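As a basis for the values below, the full set of heavy atoms in this structure was taken, side chains included, without hydrogen atoms, waters or symmetry mates. Residue numbers run from 1 in the order of the sequence given. Remember, it's 1-based here, ligands and their atoms both numbered in the order they're listed. Predicted model only: the values in this text are computed from it and were never measured.
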Amino acid sequence: MIIANWKANGDFESNKVWCNRFIERMSSIGSKSIGIAPSHLHFNQIKSDLKDHDIEIGFQDIDIEGGARTGSISPSMAIDSNISFCLIGHSERREIFNEDNNYISKKYQALTKHNIKPILCIGESYKEFQAGKTEKKLQSQIEKCILGKTIQENLIIAYEPIWAIGTGNTPKPKDVNTIHEFIKDVVQSASEKNLRPKVLYGGSVNKLNAPDFFVEKNIDGALIGGASLDANVFSDIIEIFSRHKEK
Ligand code: 13P
């Protein structure tokens, strides 16, 4: 699956142009595993503009419940909006909004309760990467966020090294492949039903490096920030994904 994370970007006019261009391109690509996570404000616009196409529209984040929580979007609002998936635990939420594993675990449980597909983002800092602590960090994030809870069959993990986000630096695709295998093993060994989740890679994916990632067996797709803001570039990446993984 290829997911666009638009973060706090977009406006009604440029979104319209984006959707029109994307629809033109998609008619020749025909991939079936595409997701877009626009801002909450633009969710209905994108859902409506792409309604005739097989594209999942989701949220970038969610709160754990509704009620007296000023500024929040609750899980029942997400259901009401008919969302297809929801990101949780993005490193920008962890860093800028001080979300810890305990809080992300509550978000995970809220999604499970409402039967919404969770995309749990995990990743290490550059310091942890340099110190060889990547796997330890990822295992701890997985354990604290989801282990001991119901593991949903449609759970997706997004591995996003913090130091690769928006920097143009990426780990080597072969190393990402090994890390993804590790992530799948950790989740599988905790899953009563022996589930092996799909694992997406995120962090400076572009159309030039995409083929090197998608050739790897355990890289099941990508979560894309900057490169998803241009409909042509995003379509190019989907085309590459489709060639490698959907044939
Ligand atoms: P970039 O693709 O801009 O590095 O962002 C990745 C990301 O944070 C997706 O969630």
Q: Numbering the atoms of ligand 1 from 1, which are under 4.0 Å from a heavy atom of G226?
A: 1 (P), 2 (O), 3 (O)
Q: Which is closest to atom 4 (O) of ligand 1 by heavy-atom distance: G166, C121, G225?
A: G166
Q: Under 3.5 Å, is there a donor on one side chain and an acceptor on the other for Q139 and E135?
A: no
Q: Under 3.5 Å, is there a donor-acceptor pair linking the side chains of Y103 and D63?
A: yes
Q: Between S204 (side chain only) and A164 (backbone N and O only), is there a donor and an acceptor less than 3.5 Å apart?
A: yes
Q: Check each atom of ligand 1 against the heavy atoms of G203 and keep those under 4.0 Å away; list them by number with element.
A: 4 (O), 6 (C)
Q: If only atom types and distance count, is the side chain of S105 paired as donor or acceptor with the main-chain N or O of N101 below 3.5 Å?
A: no
Q: Which ligand 1 atoms, with their elements, are less than 4.0 angstrom from a heavy-atom of S204?
A: 1 (P), 2 (O), 4 (O)
Q: Which bit of N5 gets closer than 4.0 Å to ligand 1, counting heavy atoms only: side chain, backbone, both or neither?
A: side chain
Q: Does E160 reach ligand 1 with a nitrogen or oxygen that is under 3.5 Å from one of the ligand's nitrogen or oxygen atoms?
A: yes
Q: Under 4.0 Å from any heavy atom of L223, which atoms of ligand 1 are there?
A: 9 (C), 10 (O)
Q: Starting from atom 5 (O) of ligand 1, which protein heavy atom do you reach first, and at what distance in Å?
A: K7 NZ, 3.3 Å
Q: Does the Lys NZ or Arg CZ of R93 fall within the cation-pi geometry relative to F97 - under 6.0 Å from the ring centre and within 45° of the axis?
A: yes
Q: Decide if atom NZ of K207 counts as having more than 12 heavy atoms of other residues, nucleotides or ligands within a radius under 6.0 Å.
A: no
